[in-house]
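Sequential numbering from 1 along the given sequence is applied to the chain's residues. Atoms considered below: every heavy atom in the structure, side chains included; atoms not considered: hydrogens, waters and symmetry mates. Since the structure is predicted, the reported quantities are computational estimates derived from the model, not experimental observations.
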Amino acid sequence: MAGVLRAERMWVETFAGLRVDQFGRLPRAVRERGGEGCGWGRPWRLPLAERVLLVAVYYRTNLTMRQLAPLFGVSPATVCRVIQRLGPLLALEPAQAATDAAERLWIVDGTLVPVRDRKVGASSRNYRFSANVQVIVDAETRLVVAAARPVPGNTADAKAWRDSGLAAHCKGVTVLGDGAYINTGLIVPHRKRPGHPLLKGEEEDNAQHRKVRARVEHTFSRMKNYKVLRDCRQRGNGLHHAIQAVARMHNLALTA
């Protein structure tokens with residue numbers, strides 16, 4: 001059975017949300033990480049570029065394995081194996097603080113991703129069974145710097161941040177957070193004291209803080225164009241791999 005989608009310009013730009021030159025970096029990254037061959041058994045039916053396109057289309061559209069199979073001319077079982085094999089190889093490499101770290105400004109925030117796996121998510125404030133994912137974004141470029149492993153959605157942002165290990169990537173960098181990150185060492189808005197309104201200077205600081213911090217919300221909005229982050233059916237590490245791959249593709253779309 002012949003498939004419809006190929007690693008060609010029209011299909012890549014339509015279904016992956018990337019230009020061909022941007023998409024071309026993904027197969028190279030997978031090849032460098034040893035994902036070109038299967039390692040054992042029969043060789044893959046699809047060439048590497050089309051396998052990477054399959055994973056990108058899955059994350060972008062959130063179609064089921066049964067729906068993707070005829071588009072690429074393979075079986076649903078093959079689609080599943082390709083996603084499980086290549087998804088982890090598309091992971092974003094966390095950026096380390098650069099030499100000009102003192103001049104950089106990063107923003108951290110958590111986003112809730114609806115999930116089906118009861119071991120990953122929990123009933124959350126969005127009234128769905130979700131996971132909390134902590135993400136660091138560069139305020140100037142809006143690139144994703146790093147993303148943590150998902151934790152249950154009822155976990156407070158401050159605790160999720162402390163347990164994420166992301167602070168190790170932020171040495172020497174100024175990091176903004178919202179009011180949920182109080183007592184974490186991040187720059188948070190001024191809080192009203194009982195019976196005392198905010199001072200004029202504090203109100204101005206908070207307004208500027210909100211204006212800058214909104215950029216992380218814009219980044220989440222862009223990332224959730226990949227519909228796997230609106231309803232993730234993957235189990236175990238599937239959501240973690242999806243977040244990392246989506247962050248990588250988001251960065252490619254902004255920089256390449």
Side-chain angles (χ1 to χ4, degrees), residues 91-92 94-97 101 104-193 198 202-203 205-226 228-232 234 237-244 246-247 250-251:
L92 174 74
Q96 300 295 332
R104 309 300 295 177
L105 179 62
W106 290 353
I107 314 167
V108 65
D109 201 1
T111 185
L112 292 176
V113 179
V115 295
R116 307 287 182 92
D117 188 351
R118 298 279 163 164
K119 296 181 180 179
V120 175
S123 183
S124 310
R125 63 179 181 271
N126 63 349
Y127 304 106
R128 299 189 64 180
F129 208 83
S130 305
N132 181 333
V133 181
Q134 297 289 303
V135 179
I136 302 175
V137 174
D138 188 290
E140 180 179 354
T141 63
R142 292 178 170 80
L143 297 178
V144 177
V145 176
R149 283 189 170 274
V151 295
N154 57 1
T155 306
D157 280 339
K159 177 174 172 53
W161 166 258
R162 293 189 186 100
D163 297 344
S164 68
L166 293 181
H169 302 290
C170 304
K171 293 180 179 178
V173 182
T174 301
V175 184
L176 297 185
D178 61 21
Y181 292 90
I182 190 169
N183 296 327
T184 59
L186 305 182
I187 305 299
V188 299
H190 298 288
R191 304 184 71 182
K192 289 184 179 180
R193 297 170 295 279
L198 290 176
E202 293 176 334
E203 292 177 349
D205 287 347
N206 283 1
Q208 186 63 25
H209 188 282
R210 287 192 299 270
K211 183 177 180 180
V212 175
R213 208 191 62 79
R215 298 172 190 176
V216 72
E217 303 295 346
H218 300 160
T219 298
F220 287 154
S221 177
R222 283 175 170 268
M223 291 177 66
K224 288 186 178 181
N225 285 332
Y226 291 84
V228 71
L229 302 187
R230 296 179 182 268
D231 181 19
C232 183
Q234 292 284 299
N237 290 324
L239 174 58
H240 177 61
H241 297 152
I243 284 283
Q244 297 290 325
V246 168
H250 164 80
N251 287 358

Are Val135 and Val216 close enough, and set up right, to give a side chain to side chain contact (heavy atoms under 4.5 Å, CB included), and what steps lead you there? CA-CA 9 Å; Val135 179; Val216 72; 5.6 Å; no

Val115 and Arg128: CA distance, side-chain angles, deciding distance, side chain to side chain contact (heavy atoms under 4.5 Å, CB included) verdict: CA-CA 8 Å; Val115 295; Arg128 299 189 64 180; over 6 Å; no

Give the C-alpha distance, both sets of side-chain angles, the deciding distance and a yes or no for side chain to side chain contact (heavy atoms under 4.5 Å, CB included) between His250 and Thr219. CA-CA 9 Å; His250 164 80; Thr219 298; 3.6 Å; yes

Is there a side chain to side chain contact (heavy atoms under 4.5 Å, CB included) between Glu140 and Leu105 once you walk through the steps? CA-CA 7 Å; Glu140 180 179 354; Leu105 179 62; over 6 Å; no

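In this structure, Arg210 does not pair ionically with Asp178, as no charged nitrogen and carboxylate oxygen lie closer than 4.0 Å. Taking a cutoff of 4.0 Å between a charged side-chain nitrogen and a carboxylate oxygen, Glu202 and Lys192 do not qualify as a salt bridge.
A donor-acceptor pair is defined here as one N or O able to donate and one able to accept, closer than 3.5 Å; such a pair exists between the side chain of Asn251 and the backbone of Val144. In terms of modelled atom types and a separation under 3.5 Å, the side chain of Arg104 and the main chain of Val173 share no donor-acceptor contact. Checked by atom type and distance alone, the side chain of His209 pairs as donor or acceptor with a backbone atom of Ile187 at under 3.5 Å.
When only modelled atom types and interatomic distance are considered, Asp117 and Gln234 share no side-chain donor-acceptor pair under 3.5 Å.
A pairwise comparison of heavy atoms in Ala148 and Val133 identifies O-CG1, 3.7 Å as the closest pair. Nearest heavy atom pair, residue Ser164 against residue Trp161, reads OG-O, 2.8 Å.
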